[in-house]
Structures are given as C-alpha cells and as structure tokens.
Amino acid sequence: MASLSSIHCRSYSYSSSLFSSHSSSINGQQFQRINFSSSGIPKCLSPAKVFSKSRKKSYPDVVLMQDGAVAIPVDPLENESSFKKVKDGLLSAITSAEELKETAGCDMNKGESTVSITVVGASGDLAKKKIFPALFALYYEDCLPKHFTVFGYARSKMTDAELRNMVSKTLTCRIDKRANCGEKMDEFLKRCFYHSGQYDSEENFSELDKKLKGHEGGRLSNRLFYLSIPPNIFIDAVKCASMSASSANGWTRVIVEKPFGRDSESSAALTKSLKQYLDEDQIFRIDHYLGKELVENLSVLRFSNLIFEPLWSRQYIRNVQIIFSEDFGTEGRGGYFDHYGIIRDIMQNHLLQILALFAMETPVSLDAEDIRNEKVKVLRSMRPIRLEDVVIGQYKSHTKGGVTYPAYTDDKTVPNDSLTPTFAAAALFIDNARWDGVPFLMKAGKALHNRRTEIRVQFRHVPGNLYNRNFGTDLDQSTNELVIRVQPDEAIYLKINNKVPGLGMRLDHSNLNLHYAARYSKEIPDAYERLLLDAIEGERRLFIRSDELDAAWSRFTPVLKELEEKKIIPEYYPYGSRGPVGAHYLAARYNVRWGDLGLDQ
Ligand SMILES: NC(=O)C1=CN([C@@H]2O[C@H](COP(=O)(O)OP(=O)(O)OC[C@H]3O[C@@H](n4cnc5c(N)ncnc54)[C@H](OP(=O)(O)O)[C@@H]3O)[C@@H](O)[C@H]2O)C=CC1
Ligand SMILES: O=C1O[C@H](COP(=O)(O)O)[C@@H](O)[C@H](O)[C@H]1O
C-alpha cells in the first residue's frame, strides 16, 4: 500500500513515481502504459487483478497487459481526467476490503504492506538535521504509507524515549501548514524506535530484524535502510543489514550517502563490494541536490517551454556557470572534509549532476532509465578536466567588525599544513554537437561572502545590435542572462534589455522574474523529503546509477590526482570574501565574466 498514500501526496502522478509509465501505441491509439510492479503493492493485490475481475466493466477501455500492467487510452485533451478515473477506481477497489478479499483472495494482514525505515547512524548530524525532519514532513503531508515504522540504529546507547526526545528537537512544522502540527509530531514520534548495535555485527542486526518483524505484524514487509554513517563502515553495515535484517517477503532497499569513494578506483571498489550484498536496483545512491526543487524543475523548464529548447545550444549560449557558495567554513566537519576537499565534496557530484541535467538531450520518456541514459551520455562526452583549467583556494583567518573568523587549518581535526582546497573553480567542456566550444564554468567554495547556489546561462550578444551605442563596447552589457537560483529564495529570472520609460532612448537591464515566494504560497519541500519518498516508491530517477558514477569520477580523477601529486598550493582567501582572484583569470581565459558579480547579487 506504500504508494497509495502518494496518490494524493503527488497529485500529478503521471510523471511521478507511483507507477512507472510510458506511452505506447496499440492499433494507432495512444495508450499510457502503467506498470504497477515498483509500487510496493503486493502481488495478491495486483491492480491488474482488481481491474480484471471487478472493474473491467466500469473501465471497458482499459487494456490489461499480459505482464500485469494496465494501459489507459490517452486522449490528448483529457490526460488528467482519464488518469483520474483510473486512479479513483484503483483507490476505491483497493481500499474496499470486501471486494479486495473476493478479488485477490488475500488475508487482510498479508494483503497490507508495511514499510520499515531504519536510519543507520541515527545519532549523527545528518540523521538529526535532515532525515528525521524529512520523514516527519512526509508523515505530516500524509505521504507515508498507512503502516510504517522508523527505527534508529547506532552504537550509542539510547532508549526509544531518548531517541524520540532527540528527534523531537529537530522537527518543525511547515510554515504554510501549522494545523494540528503538535499532535502530528506526537503521532509520528510514537512510530519511532531505537536499537543500539554495532555496524559490523550480524547478531545486532538480527536483533533489529526481530524488532522489525514485531512491528510488521505479519504483513508484507518492505525495508529501507538509510546509511547515514561515515563511508568506511558502509560495507559492514550493508553486509549485516542484507544478511540479517533484509525483508523475507517484500523489497529491501539501501540509501547510500556520499561520498561514493574518492576517485575512480575507490568508487569502483565500493560499488563492487556493495554488489556482493545488493543488486543495483536495491542501491539508492543519494545526491540531495537532485531533490532540490529548482534542479527538479530544470527539465520542466527546458522541455515544456518551446522558447528555451531552441536556444539551448552553442548557437545561442556563450557560457554556462554553475556556482555554489557557502558563508560558513567546515567547522565541525574538518576531519571528513580534509580527506575529500571541495572538488569531491561539491563539484564531482552536486554541480556535475546539475550540469548533466542541464546539458542532456531530450530523454525518450521521464522514466528513470531514460533520463539516466541521457545524463551518462553527457558525462561521457565531457573532456577530462585539465590542471590548467582548475583554480583552487583555501580560506584563511579574517577579522571583521571585531569578530575573528578561523582559518581552515585552525580546525583541530585538520593538519596545519593541509593543502586541501575549500574553494575551486574549473572550466569544463562537452565535446558533442550541441555544446562544442561552450565553456561550462563551475565555482564552489566554503567560507565565502554569501550562501547561494545558482545556474547562470549567458547568451551570445545580438548580432549587428542596433543599440550598440547604448551599451558601448562592453558585450556583457548587452548579454541576456538566464539565472536559475537554486537556493536560497528560489527564483528563475531572465535578464533582458529594456527601454527606460521616457522621451529619450536609454536602455537598461531588467529582470523577468519568477520569484517562488511571490508566486507560490506553498513551502518548498526539503530535498530529502522528495528523495526519501522516491526511495520508498522505488523511483530511481533522482538517484545515481553506477555507470553514471563511473563516468563522473573518470572526468575528475586525473586532475584530482595531479593536484595531489604535484602538491599544488591553494590560493589563500580571507574568510567571508569572494574567493581567490585566480577564478577571474580562469574565466577571462574563456572570455567569461562571472555572473555573480553583478548588481542582482
Ligand atoms: N552531515 C551532513 O550535512 C552531510 C553528511 N553526508 C554524509 O552522510 C553520512 C553521515 O553524515 P554525518 O551524520 O555527518 O556523520 P557523523 O559523523 O555524525 O556519523 C553518524 C554516526 O555514525 C557513527 N560513527 C561516526 N564515526 C564513526 C566511526 N569512525 N566508526 C563507527 N561509527 C561511527 C556515530 O554513531 P554512533 O557512535 O552512535 O554509532 C555517528 O553518530 C556520511 O557519509 C556523510 O559523508 C552527506 C551530506 C551532508
Ligand atoms: O553534500 C554536501 O552538501 C552541503 C550543502 O548542502 P545544502 O543543501 O545545504 O546546500 C555541504 O555543506 C556539505 O559540505 C556537503 O557535504
């Protein structure tokens, strides 16, 4: 039943993950094929059976396929309503106990499924900051299945009550929905439990298994393990979870947090070890940037608006900039960070994923495999990054307004002579027909002057511009720029040239601005909410496939090795500044000016 709740949770389910679906043509009529296999609905409740036995009469046009899928005729004008009919029929068929027993021959307990979500590393930072709050938000929105249990697992000794107390401190109500929030929190916390154990103990995981079974109460059990632990213990935990605590009759899935290795070799080794215990379709490699609203919107913007796609190539785009900045340092995470650095922490995953989505060709469908196939093609078409196309920096101490901000190496867990970059800028190129010669510039840094993530698309200037006189010789002045501000204060705006009202002929830059806070009253869900819901529903679109990961590492590994082997010294920049000037020289080499220096900042 996992995904039934999401029917109302995600009202646009055509393209979402409740069912995997794609269009096909039968005798010239377009059908939307809907495959229920990944929905978590037990086989005895197969919607195809429900339809075939009792609902067929009401839905004469629905075609039942041999593989258990159903196909719904698509009327281009009535997509939503034909889907709604099926959805409503399905809901009432499955929720009607009498009919269900008759049709599927299930006993009610067996017929219903449960989802147990185990947060491995529940005592840690990520679990507290993101995972429990995201699970609560899903519960609050009625997106979790009727029967679900959340288990915290870690070595720390805690009772259920102590876990609940710890979790309760991190839960927040949606700004736009506060009704009954306190009650909902209590209800949610009652579903949270804790088991203390070692990450490499099959015995401890067996104990967890017993407790899970107790809560599952004989229903079909689906189990999701979220590995919120340091990477050196991923494999131990996966081994124990899969050997001693995986579901006997439903699915078992594991969400793996980054880092997925630190170069091509270690990443391949990690994948190989994971695959000793799990199939690829059980592994959900999370990149939480893929769950961010505006990253999710990239494809919608491109592929559902005629005005953008024709411009989306070297013909019209001069350069693309993907910029990440944080106004705080690595405080508290220095030990982890020093082993990885900003290129592995942000660029090789979050920014590269954005780049791949930005640059990919139109996928055959919105199915996970079709989208990931296109992303892999982009990654494989990229040139490996050259050392001369990379600038690295590290923040140093800075005193401002009487406050002294620490240097990166002031962190006790960081060696005094560390060369680990906390800032990097790089120029990347995609050697395919669409993007030949277009510089994709990335910039990522910690302890900078602001916290922001954005994609900036700078277009070529207008040929033979009639208004040259008004702009002078500065091409950047006449450049249109599309800015997708991923965070904070989500927005999409297009900088255009406009006549200043009045009798004269003066031009200025103005923004056509889609400012989310002004346009939409609904609070934007956290990325982890979307991704957790997807993992529960078996939707892989926003998770990284192993060949994608290999391709991503292959672009970055050579330059990372060179930086380390040659012990390249980072350019030092003051905490709270705009970062090293080297980034400007790099951009200038490709005739680019960073867009985040402009007035809209
Ligand atoms: N924190 C963040 O913002 C982000 C984290 N990540 C990734 O998520 C994962 C979890 O991150 P985070 O919560 O910060 O990690 P933590 O360092 O807080 O570790 C999580 C838990 O793992 C256990 N643990 C920590 N170190 C060890 C060790 N050496 N051996 C055995 N157990 C250990 C601890 O639990 P106990 O002692 O109780 O067993 C700890 O509470 C990591 O892979 C991280 O890279 C990814 C993106 C952002
Ligand atoms: O993965 C990581 O992301 C965070 C930034 O995430 P955001 O959603 O807050 O933008 C970053 O601080 C951290 O270093 C990195 O590991």
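Atoms within each ligand, like the ligands themselves, are counted from 1 in listed order. Keep in mind the model is a prediction, meaning the values are calculated, not measured.
- The protein atom (non-hydrogen) at minimum distance from atom 9 (O) of ligand 2 is R451 NH2, 3.7 Å.
- For a threshold of 3.5 Å applied to N or O pairs, the pair formed by Y336 and ligand 1 contains no separation below that value.
- Closest approach of V119 to I131, counting heavy atoms only: CG2-CG2, 3.9 Å.
- The ligand atoms of ligand 1 that sit less than 4.0 angstrom from a heavy atom of E257 are 6 (N), 7 (C), 8 (O), 46 (C), 47 (C).
- In this comparison of D125, I131, N349, the heavy atom closest to atom 14 (O) of ligand 1 sits on D125.
- Residue contacts with ligand 1: S156 is placed with a nitrogen or oxygen under 3.5 Å of a nitrogen or oxygen of the ligand (distance criterion only).
- The option from R344, K258, E326 that lies nearest to atom 1 (O) of ligand 2, judged by heavy atoms, is K258.
- Between R285 and E257, none of the side-chain N atoms (NZ, or NE/NH1/NH2) sits under 4.0 Å from a carboxylate O, so this pair counts as no salt bridge.
- For K213 and D209, the salt-bridge test passes: some basic side-chain N is under 4.0 Å from an acidic carboxylate O.
- Under 4.0 angstrom from ligand 1, there are no non-hydrogen atoms of L227.
- Taking every heavy atom of D345 and a limit of under 4.0 angstrom, the matching atoms of ligand 2 come to 13 (C), 14 (O), 15 (C), 16 (O).
- A salt bridge (charged side-chain N to carboxylate O under 4.0 Å, His left out) with D596 is found for exactly one of R485, K443, R456, R452, namely K443.
- Distances below 4.0 Å separate heavy atoms of P259 from the following atoms of ligand 1: 45 (O).
- For atom 28 (C) of ligand 1, the closest heavy atom belonging to the protein is R155 NH2, 4.2 Å.
- Comparing heavy-atom distances from atom 19 (O) of ligand 1 across G121, G335, P230, P231 singles out P230 as nearest.
- The ligand atoms of ligand 2 that sit less than 4.0 angstrom from a heavy atom of K446 are 11 (C), 12 (O), 13 (C), 14 (O).
- E562 and K566 are joined by a salt bridge, as a carboxylate oxygen and a charged side-chain nitrogen come within less than 4.0 angstrom of each other.
- When the heavy atoms of H288, R333, K292 are ranked by distance to atom 13 (C) of ligand 2, first place goes to R333.
- Considering only non-hydrogen atoms, atom 11 (O) of ligand 1 lies nearest to L126 out of I286, V120, L126.
- The aromatic rings of F284 and F543 lie perpendicular to each other, with more than 60° between the two planes, well past the 30° mark.
- The shell of residues lying under 4.0 angstrom from ligand 1, judged by heavy atoms, includes R333.
- Ligand 2 lies nowhere less than 4.0 angstrom from a heavy atom belonging to F337.
- The single protein non-hydrogen atom nearest to atom 20 (C) of ligand 1 is S228 O, 3.4 Å, given as residue, atom name and distance.
- The closest protein non-hydrogen atom to atom 40 (C) of ligand 1 is S123 OG, 3.7 Å.
- Below 3.5 Å of separation, one finds an N or O of G124 facing an N or O of ligand 1.
- Ring-plane geometry between F151 and H215 is classed as perpendicular, the angle between the planes exceeding 60 degrees on a 0 to 90 degree scale with a lower cut at 30.
- Here F132 and F136 keep their ring centres 6.0 angstrom or further from each other.
- Note on E374 versus K377: salt bridge recorded, some NZ/NE/NH1/NH2 to OD/OE distance being below 4.0 Å.
- Ranking protein heavy atoms by distance to atom 43 (O) of ligand 1, first place goes to I229 O, 2.8 Å.
- Nearest to atom 10 (O) of ligand 2 among the protein's heavy atoms is Y289 OH, 2.4 Å.
- Close contacts of ligand 2 with H350, meaning ligand atoms under 4.0 Å from a residue heavy atom, involve 1 (O), 2 (C), 3 (O).
- Under a 4.0 Å N-O distance rule, the pair D281/R545 does not qualify as a salt bridge.
- No part of R452 comes within 4.0 Å of ligand 2, judged by heavy-atom distances.
- Taking a cutoff of 4.0 Å between a charged side-chain nitrogen and a carboxylate oxygen, E216 and K211 do not qualify as a salt bridge.
- Of all protein heavy atoms, the one lying nearest to atom 29 (N) of ligand 1 is N232 ND2, 4.4 Å.
- Residue Q487 approaches ligand 2 through these ligand atoms, each under 4.0 Å from one of its heavy atoms: 7 (P), 10 (O).
- You'll find the side chain of R253 stays beyond 4.5 Å of the side chain of R223, heavy atoms only.
- Near A154, meaning under 4.0 Å from any of its heavy atoms, are these atoms of ligand 1: 38 (O), 39 (O).
- Residue Y575 is tested with Y395, F328, Y408 for a ring-ring contact (aromatic ring centres under 6.0 Å, His included); the sole match is Y395.
- A salt bridge is defined here as a Lys NZ or Arg NE, NH1 or NH2 lying under 4.0 Å from an Asp or Glu carboxylate O, and E326 with R451 fails to meet this definition.
- D287 pairs in a side chain to side chain donor-acceptor pair (under 3.5 Å) with only one of the listed residues (K258, H350, Q353), which is H350.
- Relative orientation of the Y528 and H288 rings is parallel, given thresholds of 30° and 60° on the angle between their planes.
- Summary of contacts: the protein heavy atom closest to atom 39 (O) of ligand 1 is Y199 OH, 2.6 Å.
- Near K129, meaning under 4.0 Å from one of its heavy atoms, ligand 1 places the atoms 1 (N), 2 (C), 3 (O).
- Atom 22 (O) of ligand 1 is approached by the protein to below 4.0 angstrom, counting heavy atoms only.
- Ion pairing between K292 and D526 fails under the 4.0 Å rule for side-chain N and carboxylate O.
- K258 O, 3.1 Å is the protein heavy atom nearest to atom 45 (O) of ligand 1.
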